[in-house]
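All remarks here apply to the structure that follows.
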Amino acid sequence: MSPSIVVVLAVLTGVTGSPTVTTWPAADPQDATAHPNTVVEGTEIFGWQRVSVEEEAEKEVMATGKLNPNHYPAQRAAKVVQHYLNTQYGSPFRLFGLHAVHSANAEDVADSGRKYQLEISVQEIINNTTEKCSAEVLFAGAAAQRSSQVQVSCEEHLKISTEAQEEALFQKYQMNKSLQSVQNLPDSYGHIEPDNQPLWHLGTVASSSVMLNESTENTLYNMAQVASITQLASDNQQLKFDCRVLLHEMVSQEIIHWKLLFTWSPPDGVKVLQMEKLPRCHHCKVPPNTN
């Protein structure tokens, strides 16, 4: 990364350790109007809605009943829906962001955790369309070793076809004599070259798997930067990428560094093969908003 990057929004932090092997719950078959992205079993933005994380937020975390849609507990649960949609359905030409939270309710679920019922607006960033969606997010109890469970209805967004664009990009990357490799998406001025936008989107989709898995009732994750992404040699069926990303955990204000290995193809979507949390990045800062 460049030695100094100006801060405007927020994103990540890490610790040393061997690659983490994680699997995610399968998407609801009724949701599968588009191919779901997956995390390979046995192996691993960003809606720029401004969220005020107040000092009183922790006192509100365990609130039940009707919630203020602008406060942290409702926003945190809605953000998980965004990560879920990108994990399941994101692509170089389909990327979801949280636009607004209209209403939210929370309830304790015996032996399971806490359930949030949400009415939200989700923006499909690339095509600039917004849809009102209903969602449920279940945060597992402290003793449970599983990620948040999400159910969401956003049918209109999933009807948008990106097959032709994805196939053209796949053929372009596959036929290039040199493999793709870029750094700092966005750069210190918040800029991304048009030719690199698909790589930024791919890195964001893969990162959503991490943010979905890491999200709890005490976190709020945003995508900050694709620090580097490199296309690796692969077979003709899948493109493979090595990717370093910075995530911003807004409650702790930590910048978290992750290393990802993932594949992508139009029919199969993004499949995260490995994810590794890297040592804390003390010099990393969040680049300006790319929106």
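Nothing here was measured: the structure is a model prediction, and the numbers come from that model.
- Between Tyr173 and Asp195, the shortest heavy-atom contact is OH-O, 4.2 Å.
- For Pro69, the side-chain contact (heavy atoms from CB on, under 4.5 Å) partners are Val101, not counting sequence neighbours.
- Checking side-chain atoms of Asp235 against main-chain N and O of Gln237 turns up a donor-acceptor pair under 3.5 Å.
- Residues satisfying the side-chain hydrogen bond (donor to acceptor under 3.5 Å, both in side chains) test with Ser228, not counting sequence neighbours, are none.
- Ser112 places no side-chain N or O within 3.5 Å of a backbone atom of Val109 that could act as its donor or acceptor partner.
- If you take CG on Leu239 and CD on Gln180, they are separated by 9.5 Å, rounding to the nearest 0.5 Å.
- When only modelled atom types and interatomic distance are considered, Ser215 and His83 share no side-chain donor-acceptor pair under 3.5 Å.
- Ser181 places no side-chain N or O within donor-acceptor distance of the main-chain N or O of Thr230, the cut-off being under 3.5 Å.
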Chi angles and distances behind the side-chain hydrogen bond (donor to acceptor under 3.5 Å, both in side chains) call for His201, Ser91: CA-CA 7 Å; His201 297 156; Ser91 81; over 6 Å; no
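- Here the closest non-hydrogen pair linking Leu67 and Pro73 is CD1-CB, 4.3 Å.
- For the 3.5 Å distance criterion, the side chains of Asn196 and Glu193 fail to qualify, holding no donor opposite an acceptor.
- Looking at Asn184, its side chain never comes within 3.5 Å of a backbone N or O of Pro186 through a donor-acceptor pair.
- Here the closest non-hydrogen pair linking Val122 and Leu85 is CG1-CD1, 3.9 Å.
- Although no hydrogens or angles enter the test, the distance criterion places no donor-acceptor pair under 3.5 Å between the side chain of Asn86 and the main chain of Gly90.
- The two atoms that bring Met211 and Asn222 nearest to each other are SD-C, 3.7 Å, heavy atoms only.
- Atoms CE and CD, on Met250 and Gln75 in that order, are 9.5 Å from each other to the nearest 0.5 Å.
- Using a 3.5 Å distance cut-off with no hydrogens or angles, the side chains of Gln149 and Tyr84 do not pair a donor with an acceptor.
- At least one donor-acceptor pair under 3.5 Å links the side chain of Glu249 to the backbone N or O of Val251.
- Residues in residues 161-254 take part in no disulfide (SG to SG under 2.5 Å) pair, two or more places apart or across chains.
- Ile160 belongs to no multi-residue hydrophobic cluster, having no ILVMFWY side-chain contact under 4.5 Å with any other such residue.
- Closest heavy-atom contact between Met275 and Leu260: CB-CD2, 3.7 Å.
- With contacts defined as side-chain heavy-atom distances shorter than 4.5 Å, the pair Gln231/Lys240 does not qualify.
- When the ring-ring contact (aromatic ring centres under 6.0 Å, His included) test is applied to Phe170, the partners found at least two apart in sequence or on another chain are Trp264.
- Interatomic distance, OG1 of Thr216 versus CZ of Arg76, reported as 7.5 Å (0.5 Å rounding).
- How far OG of Ser207 is from CD of Gln225: 11.0 Å, rounded to the nearest 0.5 Å.
- Lys115 and Asn105 form no side-chain donor-acceptor contact under 3.5 Å, judged by distance and modelled atom types alone.
- Look at Arg114 and Glu107 and you find no salt bridge, because none of the NZ, NE, NH1 or NH2 atoms lies under 4.0 Å from a carboxylate O.
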Full working for side chain to side chain contact (heavy atoms under 4.5 Å, CB included) between Thr162 and Tyr89: CA-CA 11 Å; Thr162 60; Tyr89 304 111; over 6 Å; no
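- For the atom pair Leu261 CG and Asp242 CG, the distance stands at 6.5 Å (nearest 0.5 Å).
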Residue pair Phe241, Leu232: steps toward the side chain to side chain contact (heavy atoms under 4.5 Å, CB included) verdict: CA-CA 5 Å; Phe241 298 89; Leu232 305 177; 6.0 Å; no
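- Summarising the geometry of Glu217 relative to Tyr116, their closest heavy-atom pair is OE2-OH, 2.6 Å, with the distance given to 0.1 Å.
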Between side-chain atoms of residues 130-141 and protein atoms elsewhere (two or more places apart, or another chain), which donor-acceptor pairs fall under 3.5 Å?
| from | atom 1 | to | atom 2 | distance (Å) |
| --- | --- | --- | --- | --- |
| Glu131 | OE1 | Glu156 | N | 3.2 |
| Glu131 | OE1 | His157 | N | 2.8 |
| Glu131 | OE2 | Glu155 | N | 3.2 |
| Glu131 | OE2 | Glu156 | N | 3.1 |
| Ser134 | OG | Glu119 | OE1 | 3.1 |
| Ser134 | OG | Glu119 | OE2 | 2.8 |
| Glu136 | OE2 | Gln117 | NE2 | 3.3 |

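- Open room surrounds CD on Glu163; 12 or fewer heavy atoms of other groups in view lie less than 6.0 Å from it.
- Under the 4.5 Å side-chain contact rule for hydrophobic residues, Leu199 and Leu179 do not share a cluster.
- Between Leu98 and Val81, every side-chain heavy-atom pair lies at or beyond the 4.5 Å cut-off.
- In this structure, the separation between CD on Gln238 and OG1 on Thr263 is 4.5 Å, given to the nearest 0.5 Å.
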